[in-house]
Amino acid sequence: MKKLIIHSIPIVISFIWLVIECNTINPITLKGPDFLKFYLILILGFYLFIFIVKLLGEKVSQTTFYFLMGIGALGIIKWIRGITLGKPVGFLTMILIAELIITFLLMSWVANDKPKQLKKANPKHNDSGFI
């Protein structure tokens, strides 16, 4: 529950910005520059909170990846909408590629954390496969 609240904070902040600045709650209908501002606030805030959670020694949870998939889906939907309308989507494409790279880095952090958790749980655990 704590991680759900932590990950919801940047989403709430970005939607508050959306309502105050653009007078809407639907980010799909925004024009390109406004959507990019909204999306950058959303992504940078989310990654900042992931970094803070990681600095506090917490592990990156499954909830984090669900939020990342939702944010990525929003970007992909807007990217497809921009392509179908014939709008330039270069900046959004670069942001989505960077988001994909960062997601893979987070996945490697999770993969690196699992052996450490095994060693903490079972200090006699031998990684070599021999008894």
Problem set entry | Phe49 and His7: CA distance, side-chain angles, deciding distance, ring pair (Phe, Tyr, Trp, His ring centres under 6.0 Å) verdict | CA-CA 7 Å; Phe49 275 88; His7 293 316; 8.1 Å; no

Exercise. Side chain to side chain contact (heavy atoms under 4.5 Å, CB included) between Tyr47 and Leu68: does it pass, once the steps are laid out?
Worked result: CA-CA 9 Å; Tyr47 289 139; Leu68 280 175; 3.6 Å; yes

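One hydrophobic cluster, built from ILVMFWY side chains closer than 4.5 Å, cannot hold both Leu40 and Leu48; they sit in different ones. If you chain together hydrophobic residues whose side chains sit under 4.5 Å apart, Ile76 and Phe67 fall into the same group. Leu4 and Leu106 fall within the same hydrophobic cluster, where Ile, Leu, Val, Met, Phe, Trp and Tyr residues are linked whenever their side-chain heavy atoms come under 4.5 Å apart, directly or through other members. Both Ile11 and Ile77 belong to a common hydrophobic cluster when Ile, Leu, Val, Met, Phe, Trp and Tyr are linked at side-chain heavy-atom distances under 4.5 angstrom. The hydrophobic clustering, which links ILVMFWY residues whose side-chain heavy atoms are closer than 4.5 Å, places Ile20 and Val12 together.
Every residue meeting the ring-ring contact (aromatic ring centres under 6.0 Å, His included) condition with Phe15, not counting sequence neighbours, appears here in chain and number order: Phe38. Evaluation of the side chain to side chain contact (heavy atoms under 4.5 Å, CB included) rule for Leu100 yields Phe104 as partners, not counting sequence neighbours. With sequence neighbours excluded, the residues forming a side chain to side chain contact (heavy atoms under 4.5 Å, CB included) with Ile13 are Ile9, listed by chain and number.
Between atom CG of residue Leu96 and atom CE of residue Met94 there is a gap of 10.5 Å, rounded to the nearest 0.5 Å. In this structure, the separation between CD1 on Ile16 and CD1 on Ile41 is 11.0 Å, given to the nearest 0.5 Å. Here CG of Leu42 is found 4.0 Å from OG of Ser14. Values are rounded to the nearest 0.5 Å. With rounding to the nearest 0.5 angstrom, the CG atom of Leu74 is 8.5 Å from the CD1 atom of Ile43.
Looking at every heavy atom in both residues, Gly45 comes nearest to Pro10 through C-CB, 3.5 Å. Of all heavy-atom pairs between Phe35 and Gly75, the closest is CZ-CA, 4.5 Å.
Pairs passing the side chain to side chain donor-acceptor pair (under 3.5 Å) check and including a residue from residues 16-38, sequence neighbours excluded, do not occur. Annotation: side chain to side chain donor-acceptor pair (under 3.5 Å) contacts involving residues 80-104, sequence neighbours excluded, comprise Tyr39-Glu99, Trp79-Thr93.
The other residues sharing a hydrophobic cluster with Met69 are Tyr66, where clustering joins ILVMFWY side chains under 4.5 Å apart.
Annotation: side chain of Ile102 is not in contact with side chain of Ile50 (no heavy-atom distance under 4.5 Å). Looking only at side-chain heavy atoms (C-beta outward), Ile95 and Leu36 come within less than 4.5 Å of each other.
The number of heavy-atom neighbours closer than 6.0 Å to CZ of Phe91, taken from other residues, nucleotides and ligands shown, is 12 or below. More than 12 heavy atoms of other residues, nucleotides or ligands lie within 6.0 Å of CD1 in Ile28, so this atom counts as buried by the packing criterion.
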